[in-house]
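Below: the structure, in C-alpha coordinates.
Every value quoted in this text rests on a predicted model; they were computed, and no experiment measured them.
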Amino acid sequence: MLPPSKDISWLVRSASLSGYVELVQSLGRDPHVFMRSVGLSAALLEDPEALIPRDAARELLEITARATHTEDLALRLAAQRKLSALGPISLVLREEPTPRQALHTLCRYLKLVNPSLILHVEASDRLVLIREELLPSPGLAMRQSVELAVGSMFRMLRELAGPDWQPHEVCFTHRPPASTAAHRAFFGRGVTFHQEFNGLVCLASDLDRPRAFGDQVAAGFARKYLEAELRSRRQSARETCYQILLALLPGGDGSAQAVARLLHIDRRTLHRQLAAEGLGFGQLLDQVRSDLVQRHLRESDLPLTEVAGLLGFSRLSSFSHWFRAHFGCSASQWGQQAASGPGPGGG
(Lines give C-alpha, C1' and ligand atoms only; values in the text may rest on other atoms or scores of the structure.)
Protein backbone atom coordinates (compact mmCIF):
# COMPACT_ATOMS: atom_id res chain seq x y z
CA MET A 1 0.00 0.00 0.00
CA LEU A 2 1.35 3.41 -0.91
CA PRO A 3 1.64 6.00 1.86
CA PRO A 4 -1.24 8.48 2.05
CA SER A 5 -0.86 11.44 -0.28
CA LYS A 6 -0.68 14.92 1.22
CA ASP A 7 -2.31 16.40 -1.89
CA ILE A 8 -5.20 18.80 -1.42
CA SER A 9 -7.46 16.16 -3.03
CA TRP A 10 -7.84 14.75 0.50
CA LEU A 11 -9.80 17.88 1.41
CA VAL A 12 -13.10 19.31 0.16
CA ARG A 13 -14.91 22.60 0.68
CA SER A 14 -17.45 22.49 3.47
CA ALA A 15 -19.92 23.77 0.86
CA SER A 16 -20.15 20.14 -0.29
CA LEU A 17 -22.31 19.57 2.82
CA SER A 18 -24.41 22.69 2.37
CA GLY A 19 -27.94 22.05 3.64
CA TYR A 20 -26.94 18.91 5.54
CA VAL A 21 -27.85 20.19 9.02
CA GLU A 22 -31.28 21.39 7.97
CA LEU A 23 -32.02 18.21 5.99
CA VAL A 24 -31.17 15.88 8.89
CA GLN A 25 -33.19 18.02 11.29
CA SER A 26 -36.15 17.74 8.91
CA LEU A 27 -35.80 13.95 9.19
CA GLY A 28 -36.20 14.22 12.95
CA ARG A 29 -32.60 13.44 13.86
CA ASP A 30 -29.73 15.38 15.44
CA PRO A 31 -27.11 16.11 12.73
CA HIS A 32 -24.47 17.03 15.30
CA VAL A 33 -24.40 13.47 16.65
CA PHE A 34 -23.60 12.15 13.19
CA MET A 35 -21.02 14.87 12.57
CA ARG A 36 -19.20 14.23 15.85
CA SER A 37 -19.01 10.52 14.99
CA VAL A 38 -16.77 11.36 12.00
CA GLY A 39 -14.82 14.15 13.70
CA LEU A 40 -16.64 17.15 12.20
CA SER A 41 -18.21 20.11 13.98
CA ALA A 42 -21.09 22.33 12.89
CA ALA A 43 -18.78 25.36 13.06
CA LEU A 44 -16.82 24.00 10.10
CA LEU A 45 -19.92 24.27 7.91
CA GLU A 46 -20.46 27.96 8.63
CA ASP A 47 -17.74 28.97 6.14
CA PRO A 48 -18.42 27.36 2.73
CA GLU A 49 -14.76 27.82 1.76
CA ALA A 50 -13.42 26.01 4.83
CA LEU A 51 -11.63 22.76 3.96
CA ILE A 52 -12.73 19.54 5.66
CA PRO A 53 -11.42 15.96 5.32
CA ARG A 54 -12.87 14.37 2.21
CA ASP A 55 -13.30 10.93 3.77
CA ALA A 56 -15.08 12.34 6.83
CA ALA A 57 -17.63 14.04 4.56
CA ARG A 58 -18.15 10.83 2.58
CA GLU A 59 -18.56 8.70 5.70
CA LEU A 60 -20.98 11.25 7.16
CA LEU A 61 -23.33 10.91 4.19
CA GLU A 62 -23.26 7.12 4.34
CA ILE A 63 -23.91 6.74 8.06
CA THR A 64 -26.67 9.38 7.93
CA ALA A 65 -28.40 7.65 5.02
CA ARG A 66 -28.29 4.33 6.85
CA ALA A 67 -29.37 5.69 10.24
CA THR A 68 -32.29 7.67 8.81
CA HIS A 69 -33.27 4.98 6.26
CA THR A 70 -33.04 7.64 3.55
CA GLU A 71 -31.57 6.06 0.42
CA ASP A 72 -32.00 9.27 -1.56
CA LEU A 73 -30.23 11.46 1.03
CA ALA A 74 -27.68 12.72 -1.49
CA LEU A 75 -30.37 13.62 -4.02
CA ARG A 76 -32.23 15.61 -1.35
CA LEU A 77 -29.01 17.55 -0.75
CA ALA A 78 -28.40 17.99 -4.48
CA ALA A 79 -31.93 19.36 -4.91
CA GLN A 80 -30.82 22.42 -2.94
CA ARG A 81 -27.71 23.04 -5.06
CA LYS A 82 -27.40 26.21 -7.10
CA LEU A 83 -24.68 27.31 -9.50
CA SER A 84 -23.69 30.07 -7.09
CA ALA A 85 -22.42 27.40 -4.66
CA LEU A 86 -19.36 27.09 -6.90
CA GLY A 87 -18.22 30.57 -5.85
CA PRO A 88 -16.29 32.72 -8.39
CA ILE A 89 -16.41 29.91 -10.96
CA SER A 90 -20.17 30.39 -11.26
CA LEU A 91 -19.63 33.93 -12.60
CA VAL A 92 -17.48 32.57 -15.42
CA LEU A 93 -19.78 29.65 -16.22
CA ARG A 94 -22.83 31.92 -16.52
CA GLU A 95 -21.10 33.97 -19.21
CA GLU A 96 -20.05 31.10 -21.45
CA PRO A 97 -21.90 31.10 -24.80
CA THR A 98 -23.26 27.53 -24.44
CA PRO A 99 -23.72 24.95 -21.67
CA ARG A 100 -21.11 22.78 -23.40
CA GLN A 101 -18.51 25.54 -23.21
CA ALA A 102 -19.41 26.03 -19.55
CA LEU A 103 -18.70 22.33 -19.00
CA HIS A 104 -15.24 22.64 -20.53
CA THR A 105 -14.55 25.69 -18.39
CA LEU A 106 -15.65 23.79 -15.29
CA CYS A 107 -13.19 21.02 -16.21
CA ARG A 108 -10.40 23.59 -16.25
CA TYR A 109 -11.16 25.05 -12.83
CA LEU A 110 -12.69 22.03 -11.09
CA LYS A 111 -9.72 21.30 -8.84
CA LEU A 112 -10.24 24.73 -7.23
CA VAL A 113 -13.71 23.58 -6.13
CA ASN A 114 -13.46 19.83 -5.68
CA PRO A 115 -10.02 18.32 -6.33
CA SER A 116 -11.30 14.82 -5.53
CA LEU A 117 -13.73 14.86 -8.49
CA ILE A 118 -12.43 14.00 -11.95
CA LEU A 119 -14.60 15.22 -14.82
CA HIS A 120 -14.30 13.98 -18.42
CA VAL A 121 -16.44 15.20 -21.30
CA GLU A 122 -16.63 12.98 -24.39
CA ALA A 123 -18.63 14.00 -27.45
CA SER A 124 -20.00 12.43 -30.62
CA ASP A 125 -22.15 14.02 -33.30
CA ARG A 126 -25.33 13.41 -31.32
CA LEU A 127 -24.39 12.81 -27.68
CA VAL A 128 -22.18 14.32 -24.98
CA LEU A 129 -21.08 11.94 -22.25
CA ILE A 130 -20.10 13.47 -18.89
CA ARG A 131 -18.10 11.05 -16.75
CA GLU A 132 -17.73 11.89 -13.05
CA GLU A 133 -15.09 9.89 -11.23
CA LEU A 134 -14.42 10.41 -7.53
CA LEU A 135 -10.95 9.65 -6.25
CA PRO A 136 -11.49 6.44 -4.26
CA SER A 137 -11.59 6.13 -0.48
CA PRO A 138 -10.65 2.46 0.04
CA GLY A 139 -12.79 0.81 2.69
CA LEU A 140 -15.48 3.51 2.59
CA ALA A 141 -18.79 3.23 0.77
CA MET A 142 -19.20 6.06 -1.73
CA ARG A 143 -22.71 5.65 -3.07
CA GLN A 144 -24.06 8.85 -1.50
CA SER A 145 -21.03 10.90 -2.54
CA VAL A 146 -21.34 9.67 -6.13
CA GLU A 147 -25.05 10.46 -6.24
CA LEU A 148 -24.41 13.90 -4.77
CA ALA A 149 -21.81 14.62 -7.48
CA VAL A 150 -24.06 13.44 -10.32
CA GLY A 151 -27.10 15.14 -8.84
CA SER A 152 -25.22 18.42 -8.43
CA MET A 153 -24.03 18.26 -12.06
CA PHE A 154 -27.63 17.72 -13.14
CA ARG A 155 -28.76 20.77 -11.17
CA MET A 156 -25.93 22.89 -12.60
CA LEU A 157 -26.74 21.95 -16.18
CA ARG A 158 -30.44 22.56 -15.65
CA GLU A 159 -29.58 26.07 -14.48
CA LEU A 160 -27.42 26.61 -17.58
CA ALA A 161 -29.58 24.85 -20.18
CA GLY A 162 -33.02 25.81 -18.90
CA PRO A 163 -35.50 24.62 -16.26
CA ASP A 164 -37.05 22.02 -18.60
CA TRP A 165 -33.76 20.40 -19.62
CA GLN A 166 -33.37 16.68 -19.01
CA PRO A 167 -30.42 14.37 -19.64
CA HIS A 168 -30.75 11.58 -22.19
CA GLU A 169 -29.56 9.06 -19.58
CA VAL A 170 -28.25 9.05 -16.00
CA CYS A 171 -25.69 6.34 -15.18
CA PHE A 172 -24.45 4.85 -11.91
CA THR A 173 -22.01 1.99 -11.42
CA HIS A 174 -23.52 0.89 -8.11
CA ARG A 175 -26.52 -1.27 -7.37
CA PRO A 176 -30.03 0.23 -7.58
CA PRO A 177 -31.82 1.18 -4.35
CA ALA A 178 -34.80 -0.80 -3.12
CA SER A 179 -37.00 1.76 -4.88
CA THR A 180 -35.90 3.97 -7.76
CA ALA A 181 -38.93 6.27 -7.49
CA ALA A 182 -36.93 9.11 -5.86
CA HIS A 183 -34.24 8.90 -8.54
CA ARG A 184 -36.80 8.99 -11.34
CA ALA A 185 -38.55 11.94 -9.71
CA PHE A 186 -35.27 13.85 -9.32
CA PHE A 187 -33.73 13.23 -12.75
CA GLY A 188 -36.92 12.86 -14.73
CA ARG A 189 -36.07 9.77 -16.76
CA GLY A 190 -33.46 7.31 -17.94
CA VAL A 191 -31.83 6.42 -14.59
CA THR A 192 -29.76 3.23 -14.95
CA PHE A 193 -27.58 1.28 -12.53
CA HIS A 194 -24.79 -1.32 -12.91
CA GLN A 195 -23.27 0.89 -15.62
CA GLU A 196 -19.59 1.24 -16.52
CA PHE A 197 -19.38 4.88 -15.37
CA ASN A 198 -21.07 7.47 -13.19
CA GLY A 199 -22.44 10.52 -14.93
CA LEU A 200 -24.82 11.91 -17.52
CA VAL A 201 -25.45 11.31 -21.20
CA CYS A 202 -26.82 14.46 -22.86
CA LEU A 203 -28.05 15.42 -26.30
CA ALA A 204 -25.38 17.54 -27.98
CA SER A 205 -28.06 19.84 -29.38
CA ASP A 206 -29.22 20.67 -25.84
CA LEU A 207 -25.73 21.64 -24.71
CA ASP A 208 -25.04 23.73 -27.82
CA ARG A 209 -27.97 26.09 -27.39
CA PRO A 210 -26.80 29.73 -27.21
CA ARG A 211 -27.11 31.42 -23.85
CA ALA A 212 -27.83 35.07 -23.03
CA PHE A 213 -24.88 37.06 -21.70
CA GLY A 214 -24.97 39.03 -18.44
CA ASP A 215 -22.17 40.69 -16.51
CA GLN A 216 -19.08 39.98 -18.59
CA VAL A 217 -16.99 42.46 -16.63
CA ALA A 218 -17.48 40.55 -13.39
CA ALA A 219 -16.80 37.29 -15.25
CA GLY A 220 -13.53 38.72 -16.56
CA PHE A 221 -12.33 39.62 -13.07
CA ALA A 222 -13.37 36.19 -11.79
CA ARG A 223 -11.45 34.45 -14.59
CA LYS A 224 -8.27 36.37 -13.77
CA TYR A 225 -8.61 35.36 -10.13
CA LEU A 226 -9.17 31.70 -11.05
CA GLU A 227 -6.16 31.64 -13.36
CA ALA A 228 -3.99 33.03 -10.57
CA GLU A 229 -5.32 30.36 -8.22
CA LEU A 230 -4.52 27.64 -10.75
CA ARG A 231 -0.92 28.84 -11.01
CA SER A 232 -0.57 28.76 -7.23
CA ARG A 233 -1.88 25.19 -6.88
CA ARG A 234 0.45 22.96 -8.81
CA GLN A 235 -0.38 19.27 -8.55
CA SER A 236 2.15 16.63 -7.58
CA ALA A 237 3.22 14.08 -10.18
CA ARG A 238 1.42 11.41 -8.16
CA GLU A 239 -1.89 13.26 -8.12
CA THR A 240 -1.72 14.13 -11.81
CA CYS A 241 -0.84 10.59 -12.90
CA TYR A 242 -3.47 9.06 -10.61
CA GLN A 243 -6.18 11.17 -12.22
CA ILE A 244 -5.00 10.37 -15.75
CA LEU A 245 -4.94 6.64 -14.99
CA LEU A 246 -8.53 6.82 -13.74
CA ALA A 247 -9.49 8.13 -17.17
CA LEU A 248 -7.30 5.79 -19.23
CA LEU A 249 -7.88 2.41 -17.59
CA PRO A 250 -11.47 1.82 -18.82
CA GLY A 251 -10.14 2.25 -22.37
CA GLY A 252 -7.56 -0.47 -21.79
CA ASP A 253 -4.40 1.64 -21.93
CA GLY A 254 -2.87 2.40 -18.55
CA SER A 255 0.70 2.42 -19.81
CA ALA A 256 3.38 4.88 -18.77
CA GLN A 257 3.72 5.79 -22.45
CA ALA A 258 0.04 6.80 -22.64
CA VAL A 259 0.27 8.88 -19.45
CA ALA A 260 3.45 10.60 -20.60
CA ARG A 261 1.89 11.40 -23.96
CA LEU A 262 -1.04 13.18 -22.29
CA LEU A 263 1.39 15.15 -20.12
CA HIS A 264 3.44 16.10 -23.20
CA ILE A 265 6.61 14.62 -21.74
CA ASP A 266 8.63 11.50 -22.53
CA ARG A 267 8.34 8.32 -20.50
CA ARG A 268 11.76 8.75 -18.93
CA THR A 269 10.79 12.17 -17.58
CA LEU A 270 7.57 10.73 -16.16
CA HIS A 271 9.47 8.01 -14.30
CA ARG A 272 11.94 10.60 -13.01
CA GLN A 273 9.19 12.87 -11.68
CA LEU A 274 7.50 9.99 -9.86
CA ALA A 275 10.82 8.73 -8.49
CA ALA A 276 11.42 12.19 -7.01
CA GLU A 277 8.26 11.58 -4.93
CA GLY A 278 9.39 8.08 -3.94
CA LEU A 279 7.08 6.24 -6.37
CA GLY A 280 7.39 3.83 -9.25
CA PHE A 281 4.84 3.90 -12.06
CA GLY A 282 3.96 0.24 -11.46
CA GLN A 283 3.25 0.99 -7.80
CA LEU A 284 0.90 3.82 -8.72
CA LEU A 285 -0.89 1.74 -11.37
CA ASP A 286 -1.43 -1.06 -8.85
CA GLN A 287 -2.77 1.43 -6.31
CA VAL A 288 -5.29 2.89 -8.76
CA ARG A 289 -6.45 -0.59 -9.72
CA SER A 290 -6.64 -1.68 -6.09
CA ASP A 291 -8.71 1.35 -5.07
CA LEU A 292 -11.08 0.95 -8.02
CA VAL A 293 -11.61 -2.80 -7.76
CA GLN A 294 -12.56 -2.59 -4.08
CA ARG A 295 -15.26 -0.07 -4.92
CA HIS A 296 -16.63 -2.12 -7.82
CA LEU A 297 -16.74 -5.31 -5.76
CA ARG A 298 -18.39 -3.60 -2.77
CA GLU A 299 -20.98 -1.49 -4.53
CA SER A 300 -21.85 -3.10 -7.88
CA ASP A 301 -22.74 -6.46 -9.35
CA LEU A 302 -20.87 -6.05 -12.61
CA PRO A 303 -19.54 -9.33 -14.04
CA LEU A 304 -15.83 -9.84 -13.32
CA THR A 305 -15.08 -9.70 -17.04
CA GLU A 306 -16.42 -6.12 -17.10
CA VAL A 307 -14.60 -5.17 -13.91
CA ALA A 308 -11.38 -6.51 -15.43
CA GLY A 309 -11.91 -4.34 -18.51
CA LEU A 310 -12.57 -1.23 -16.42
CA LEU A 311 -9.20 -1.82 -14.71
CA GLY A 312 -7.41 -2.06 -18.04
CA PHE A 313 -7.02 -5.84 -18.27
CA SER A 314 -7.67 -7.36 -21.69
CA ARG A 315 -8.11 -10.88 -20.28
CA LEU A 316 -9.96 -12.11 -17.21
CA SER A 317 -7.10 -14.49 -16.45
CA SER A 318 -4.65 -11.58 -16.19
CA PHE A 319 -6.98 -9.76 -13.84
CA SER A 320 -7.50 -12.88 -11.70
CA HIS A 321 -3.74 -13.43 -11.39
CA TRP A 322 -3.19 -9.76 -10.44
CA PHE A 323 -6.03 -9.79 -7.92
CA ARG A 324 -4.85 -12.93 -6.13
CA ALA A 325 -1.28 -11.58 -5.98
CA HIS A 326 -2.47 -8.35 -4.31
CA PHE A 327 -5.35 -9.55 -2.14
CA GLY A 328 -4.44 -13.16 -1.37
CA CYS A 329 -7.75 -14.59 -2.59
CA SER A 330 -9.97 -14.58 -5.66
CA ALA A 331 -12.11 -11.56 -6.55
CA SER A 332 -15.26 -13.64 -5.98
CA GLN A 333 -14.12 -14.62 -2.49
CA TRP A 334 -13.22 -11.02 -1.66
CA GLY A 335 -16.62 -9.78 -2.86
CA GLN A 336 -18.46 -12.38 -0.79
CA GLN A 337 -16.55 -11.45 2.37
CA ALA A 338 -17.06 -7.72 1.71
CA ALA A 339 -20.82 -8.30 1.37
CA SER A 340 -20.94 -10.06 4.74
CA GLY A 341 -18.78 -7.58 6.66
CA PRO A 342 -15.49 -5.66 6.46
CA GLY A 343 -13.59 -6.81 3.36
CA PRO A 344 -10.31 -8.66 3.56
CA GLY A 345 -7.17 -6.64 3.70
CA GLY A 346 -5.09 -6.04 0.65
CA GLY A 347 -4.10 -3.56 -2.01
Tell me whether Val293 is reachable from Phe197 by hopping between hydrophobic residues (I, L, V, M, F, W, Y) whose side-chain heavy atoms are closer than 4.5 Å. no

So, do Val33 and Arg36 sit near enough that their side-chain heavy atoms are less than 4.5 Å apart? yes

Look at the rings of Trp322 and Phe313 and say which category their plane angle falls in: under 30° parallel, 30 to 60° tilted, over 60° perpendicular. tilted

Given side chains that start at C-beta, do those of His296 and Leu311 come closer than 4.5 Å, heavy atoms only? yes

Spatial distance of atom CG (Asn198) from atom CD1 (Ile130) [nearest 0.5 Å]: 13.0 Å

Between Glu306 and Ser300, is the side chain to side chain contact (heavy atoms under 4.5 Å, CB included) condition met? List the steps. CA-CA 11 Å; Glu306 292 188 31; Ser300 80; over 6 Å; no

What's the verdict on side chain to side chain contact (heavy atoms under 4.5 Å, CB included) for Leu83 and Leu93, showing C-alpha distance, side-chain angles and the deciding distance? CA-CA 9 Å; Leu83 199 59; Leu93 299 184; 4.0 Å; yes

Given the rule that I, L, V, M, F, W and Y join up when any side-chain heavy atoms are under 4.5 Å apart, are Val121 and Leu112 in one cluster? yes

Going only through I, L, V, M, F, W and Y residues with side-chain contacts under 4.5 Å, is there a path from Leu140 to Leu40? no

Cation-pi geometry met for Arg54 and Trp10 (6.0 Å, 45°): yes

Applying salt bridge (charged side-chain N to carboxylate O under 4.0 Å, His left out) to Glu96 and Arg223, what does each step give before you reach the verdict? CA-CA 11 Å; Glu96 295 294 5; Arg223 194 183 293 271; 3.0 Å; yes

Would you check if Thr70 and Leu27 make a side-chain contact, meaning some heavy-atom pair closer than 4.5 Å? yes

Can you tell me how far apart CG (Asp286) and CG (Leu245) are? Round to the nearest 0.5 Å. 10.5 Å

Greater than 12 external heavy atoms within 6.0 Å of Arg158's CZ: yes

Minimum heavy-atom separation for Phe187 and Pro167, please, with both atom names. O-CD, 4.0 Å

Given 3.5 Å as the limit, does a donor-acceptor pair link the side chain of Arg175 with the main chain of Arg298, or not? yes

Considering all heavy atoms of both residues, which atom of Leu135 and which atom of Met142 are nearest to each other, and what is their separation? O-CE, 3.8 Å

I'd like to know if the side chain of Thr192 and the backbone of Val170 have a donor-acceptor N/O pair within less than 3.5 Å. yes

Do the non-hydrogen side-chain atoms of Pro99 and Asp206 ever get within less than 4.5 Å of each other? no

Non-hydrogen side-chain atoms of Glu227 and Arg108 separated by less than 4.5 Å: yes

What closest approach, in Å, do Met156 and Leu86 show between heavy atoms, and which atom pair accounts for it? SD-CD1, 4.1 Å

Starting from the C-alpha separation in whole Å, work towards a yes-or-no answer on side chain to side chain contact (heavy atoms under 4.5 Å, CB included) for Leu310 and Thr173. CA-CA 11 Å; Leu310 292 173; Thr173 61; over 6 Å; no

Do Tyr242 and Pro136 make a side-chain contact, defined as non-hydrogen atoms from C-beta onward lying under 4.5 Å apart? yes

So, the side chain of Gln257 versus the backbone of Arg267: is there a donor-acceptor pair under 3.5 Å, distance only? no

To the nearest 0.5 Å, how far apart are CG in Leu207 and CG in Leu160? 9.5 Å

Determine whether a donor-acceptor pair (N or O, by modelled atom type, separation under 3.5 Å) exists between the side chain of Gln144 and the backbone of Ala74. yes

Rounded to the nearest 0.5 Å, what separates atom SG in Cys171 from atom NE2 in His194? 13.0 Å

Just how far is it from atom CZ of Arg131 to atom CG of Leu119, taken to the nearest 0.5 Å? 11.5 Å

Minimal non-hydrogen separation, Phe327 against Ser290, with atom names: CZ-OG, 3.4 Å

Applying a strict under-4.5 Å side-chain criterion to I, L, V, M, F, W and Y, I'd like to know whether Val201 and Phe172 cluster together. no

Student check: side-chain heavy atoms of Val191 and Thr180 closer than 4.5 Å: no

Closest non-hydrogen atom pair between Ser152 and Arg81, with its separation: OG-CG, 3.5 Å

Qualifying residue for side chain to side chain contact (heavy atoms under 4.5 Å, CB included) with Leu203, from Asp208, Val128, Leu127: Leu127

Any chance you could lay out the side-chain hydrogen bond (donor to acceptor under 3.5 Å, both in side chains) test for Thr68 and Arg29, step after step, and finish with the verdict? CA-CA 8 Å; Thr68 61; Arg29 301 297 293 271; over 6 Å; no

Start with the C-alpha gap between Glu147 and Arg76, add the side-chain angles, then the distance that decides, and say whether salt bridge (charged side-chain N to carboxylate O under 4.0 Å, His left out) holds. CA-CA 10 Å; Glu147 295 196 357; Arg76 297 191 190 197; over 6 Å; no

From CA spacing to verdict: side chain to side chain contact (heavy atoms under 4.5 Å, CB included), Leu263, Cys241: CA-CA 9 Å; Leu263 291 174; Cys241 292; 4.2 Å; yes

In plain terms, say whether Lys82 and Glu159 are close enough for a salt bridge, that is, a side-chain N and a carboxylate O under 4.0 Å apart. no

Listed pairs under 3.5 Å, donor-acceptor, residues 15-26 side chains, sequence neighbours left out:
unit_1: Ser16; atom_1: OG; unit_2: Arg13; atom_2: O; d: 2.9
unit_1: Tyr20; atom_1: OH; unit_2: Thr64; atom_2: OG1; d: 2.7
unit_1: Ser26; atom_1: OG; unit_2: Leu23; atom_2: O; d: 2.5

Test item: Met153 and Leu157 side chains (from C-beta on) under 4.5 Å apart, heavy atoms: yes

Quick check: are there more than 12 heavy atoms from other residues, nucleotides or ligands sitting under 6.0 Å from CZ of Phe193? yes

Tell me the closest heavy-atom pair linking Glu71 and Ala178, and the distance in Å. OE1-N, 3.2 Å

Test your reading of the model: is there a side-chain donor-acceptor pair from Glu277 to the backbone of Ala237, 3.5 Å cut-off? yes

Aromatic ring pairing Trp334/Phe323, orientation class (parallel under 30°, perpendicular over 60°, tilted between): perpendicular

Taking atom CZ as the centre, does Arg315 end up with more than 12 heavy-atom neighbours from other residues, nucleotides or ligands that are less than 6.0 angstrom away? no

CZ (Arg272) and CG (Asp266) are apart, to the nearest 0.5 Å, by 7.0 Å

Do Val38 and Leu44 share a hydrophobic cluster, counting only Ile, Leu, Val, Met, Phe, Trp and Tyr and linking them when any side-chain heavy atoms are less than 4.5 Å apart? yes

Would you mind listing every ring-ring contact (aromatic ring centres under 6.0 Å, His included) that reaches into residues 98-130, with sequence neighbours excluded? none

Partner residues of Ser330 under the side-chain contact (heavy atoms from CB on, under 4.5 Å) criterion, sequence neighbours left out: Arg324, Ser332, Gln333

